[in-house]
Amino acid sequence: MTPIYYSVIAPAILICLDFGCPQSYISVKSIELWQVMRFSFQFLRRIKVRIALSFSLLFLAFAVPIIIYAVNQVNLFFNGLYLEQMRAVGMAIASVHDNGHPGDNDSLTARVSQITGSNVYLYGSAGELVSKRYEGSMHDTNSILSYPIIEPQPEIPPVFDKVRHRFIDIGTRRYLQVQTELPGGLILLQVKSLRRITMIARRMSEVIVWSSFLGLITLVAVAFWVSANITRPIEELTTFAQRIRAGRLPPRTNIVSPDEVGELADALNDIVDDLGAARERLGRLEVMRRDFFANVGEELKRPLQKIQLELAGIAGSPALAGEVGDAFDSARFQAQRLHHIIDTLIQISELEFGEITLEIKTVSLGRLLDSVIGEYRQRIFSKGLDLKIDIPAEHAAIDLLGDERLLGVVLRNLISNAADFTQQGHVRIFSEDNGVNLKLTVEDTGPGIPRDEIDRIFERFYRVKAEQPQGEDRTGLGLAIAKHIMEAHGRSLDVESLLGVGSKFSIHLKKVGQA
Ligand SMILES: Nc1ncnc2c1ncn2[C@@H]1O[C@H](COP(=O)(O)OP(=O)(O)OP(=O)(O)O)[C@@H](O)[C@H]1O
Ligand SMILES: [Mg+2]
């Protein structure tokens with residue numbers, strides 16, 4: 001339907017609109033015109049259209065001159081034939097006169113007329129009509145007589161040099177006039193209508209034009225068919241490749257062809273097979289990774305818990321004084337850190353494999369922010385940073401949908417990062433209501449994140465290489481778990497950062513009652 005619309009209906013509408021349409025239609029028209037042009041260009045770029053057009057142009061380039069040439073040749077041939085015949089008869093009559101057998105004028109014109117099928121006139125040396133004879137249906141040749149006739153020459157040169165001829169066009173008709181000067185000053189004039197031969201030539205040209213037209217249509221149809229046969233598999237393969245690029249693995253294509261198209265299909269099938277195998281391997285590895293975190297994590301946690309219990313048991317003992325006490329504290333801290341790392345890794349893995357069921361409830365933004373910000377207020381102030389909270393009261397009152405505990409983990413990570421990495425300036429938390437969602441942003445005036453590392457900060461254990469406070473308790477897991485939590489909510493965690501200026505981390509939270 002689309003091709004018909006743009007090639008037939010839309011231009012028709014445009015033409016109609018041309019007739020006294022209101023001004024407001026002009027913009028509509030220009031859009032439509034632009035679309036028609038764009039579609040035409042696109043249409044012309046299709047391989048099959050280009051092949052068909054090339055065939056047609058080639059055909060026209062050769063066929064049209066050939067047709068014109070052929071029709072001309074037919075005309076010339078018959079005209080030549082008539083001319084020769086009429087000349088020959090004229091010459092024969094002249095030679096008969098030369099030999100002294102003038103004969104009767106009327107029987108002369110009658111015989112010539114009979115032989116050549118023309119109207120014959122015989123003029124005397126003073127130009128007066130001596131005899132005439134009409135042949136067949138040529139009654140209209142009287143009008144030719146009003147046409148200036150070549151004046152008889154006063155001196156009569158040898159017979160063969162005195163034969164003259166010319167073509168006369170009267171209206172749409174063409175006549176051949178042959179004039180022969182006979183001895184004794186007589187002029188023999190033969191006038192033959194070329195109507196029949198022009199008719200034959202016209203018919204012939206009609207037949208040639210029609211058969212060429214049919215030939216052209218057949219040619220275009222064949223060109224379309226041939227090129228469609230070539231382009232159809234290419235189009236199929238294009239869709240096939242696009243599906244691979246989009247990450248969907250289509251079933252193998254069953255295009256079999258002995259040419260390059262077949263080779264391309266085979267190559268794409270091999271890619272699909274390889275990708276399928278790789279995906280399967282990856283799936284197996286993912287399962288192994290999940291099992292590893294689940295099993296090994298638990299296995300690691302058990303002795304660790306025991307160590308922590310033991311350490312807790314001896315905490316506060318008088319034996320832990322001085323350096324021993326410091327070593328004890330460090331060991332206890334590291335055990336705690338290790339516990340945290342193992343817990344976080346297991347959590348990330350569970351989030352990744354959808355093994356955590358989110359407790360989606362109504363969460364009050366105000367309450368959530370109050371509890372989280374409260375934990376970091378002191379840390380921010382003690383660094384001499386400004387803490388700006390730009391949450392309008394109406395936003396604070398908004399109820400959101402989500403897992404309150406996990407959303408708290410996300411906000412804690414973002415605010416703690418902003419507080420820890422910023423040395424001067426401010427940490428600002430602000431909200432924007434965009435109807436369906438509430439966008440919450442944590443902005444800081446910290447060092448910023450280099451452009452080439454920005455995607456990597458969400459990887460497990462990744463920490464920016466540039467000089468940044470690398471506190472002993474940092475694990476490089478905060479943003480990884482935050483991102484997984486947001487993805488489990490079907491939301492994203494976005495970052496904008498400019499080196500030396502600061503960073504902005506935003507989350508989009510779903511408002512209650514919004515689809
Ligand atoms: N606001 C920020 N400004 C500058 N760099 C940041 C900021 N937030 C994160 N980064 C960079 O991204 C890295 C990863 O952050 P992430 O929160 O995952 O780990 P971490 O803060 O180093 O450790 P953890 O969160 O476990 O305490 C950080 O080490 C830091 O280099
Ligand atoms: Mg962090």
Intermediate values then yes/no, side chain to side chain contact (heavy atoms under 4.5 Å, CB included), Glu432 and Leu438: CA-CA 6 Å; Glu432 291 160 83; Leu438 192 94; over 6 Å; no

Axial cation check for Phe240 ring with Arg243, 6.0 Å and 45° limits: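 No.
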
For Arg279, all residues meeting salt bridge (charged side-chain N to carboxylate O under 4.0 Å, His left out), sequence neighbours excluded: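 Listed in chain order: nothing, the list is empty.
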
Whether over 12 other heavy atoms sit under 6.0 Å from Phe292 CZ: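 Counting neighbours around CZ of Phe292, 12 or fewer heavy atoms of other residues, nucleotides or ligands fall under 6.0 Å, so no.
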
Glu359, CD atom: more than 12 neighbouring heavy atoms under 6.0 Å: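 Atom CD in Glu359 is not packed in, count stays at 12 or less.
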
Could you measure the distance from the [atom1] atom of [X] to the [atom2] atom of [Y]? Nearest 0.5 Å is fine.
X	Y	atom1	atom2	result
Leu407	Leu400	CG	CG	8.0 Å
Glu355	Ile346	CD	CD1	11.0 Å
Arg332	Asp329	CZ	CG	8.0 Å
Ile391	Arg428	CD1	CZ	9.0 Å
Ile380	Ser382	CD1	OG	9.0 Å
Gln73	Ile66	CD	CD1	12.5 Å

Ring pair (Phe, Tyr, Trp, His ring centres under 6.0 Å) against Phe213, all qualifying residues, sequence neighbours excluded: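 By the ring pair (Phe, Tyr, Trp, His ring centres under 6.0 Å) rule, Phe213 matches Trp210.
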
Can a salt bridge be assigned to the pair [X] and [Y] using a cut-off of 4.0 Å between side-chain N and carboxylate O?
X	Y	answer
Glu375	Arg412	yes
Asp403	Lys361	no
Glu280	Arg284	yes
Asp433	Lys439	no

Looking at side-chain heavy atoms only, is the closest gap between [X] and [Y] below 4.5 Å?
X	Y	result
Thr475	His340	yes
Val409	Gln347	no
Ser56	Leu219	no
Val495	Phe458	yes
Leu385	Phe381	no
Phe430	Ile389	no
Asn413	Leu477	no
Leu338	Leu300	no

With Ile481, the side-chain contact (heavy atoms from CB on, under 4.5 Å) member among Val410, Thr344, Asp343: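 When Val410, Thr344, Asp343 are each tested with Ile481, the side-chain contact (heavy atoms from CB on, under 4.5 Å) holds only for Thr344.
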
Locate the shortest heavy-atom distance separating [X] from [Y]; write the atom from each residue and the value.
X	Y	value
Thr253	Ala265	CG2-O, 4.1 Å
Gly402	Val363	O-CG2, 3.5 Å
Gly446	Asp444	N-OD1, 2.9 Å
Leu406	His489	CB-CE1, 4.5 Å
Ala418	Val442	CB-CG1, 3.9 Å
Val324	Ala319	CG1-O, 4.0 Å

Derivation and outcome, side chain to side chain contact (heavy atoms under 4.5 Å, CB included), residues Leu268 and Ile255: CA-CA 11 Å; Leu268 284 173; Ile255 293 173; over 6 Å; no

Has the side chain of [X] got a donor or acceptor atom that lies under 3.5 Å from a matching backbone atom of [Y]?
X	Y	result
Ser497	Ile449	yes
Ser212	Ile208	yes
Lys383	Thr422	yes

Stepwise salt bridge (Lys or Arg N to Asp or Glu O under 4.0 Å) check, Asp420 with Arg379: CA-CA 9 Å; Asp420 293 350; Arg379 211 200 285 188; 2.5 Å; yes

Worked verdict on Ile457 versus Phe505 for side chain to side chain contact (heavy atoms under 4.5 Å, CB included): CA-CA 12 Å; Ile457 57 171; Phe505 286 84; 3.9 Å; yes

Pair Thr441-Ile429, side chain to side chain contact (heavy atoms under 4.5 Å, CB included): steps then yes or no: CA-CA 6 Å; Thr441 304; Ile429 301 162; over 6 Å; no

Side chain to side chain donor-acceptor pair (under 3.5 Å) partner of Asn437, chosen from Lys511, Arg491, Lys510, His508: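 Of the listed options, the one satisfying the test is Arg491.
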
Result of checking Arg460, Lys465, Glu459 against Tyr462 for side chain to side chain donor-acceptor pair (under 3.5 Å):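 By the side chain to side chain donor-acceptor pair (under 3.5 Å) criterion, Tyr462 pairs with just one of Arg460, Lys465, Glu459: Lys465.
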
side-chain hydrogen bond (donor to acceptor under 3.5 Å, both in side chains) assessment of Glu443 paired with His426: CA-CA 8 Å; Glu443 178 194 88; His426 68 250; 2.9 Å; yes

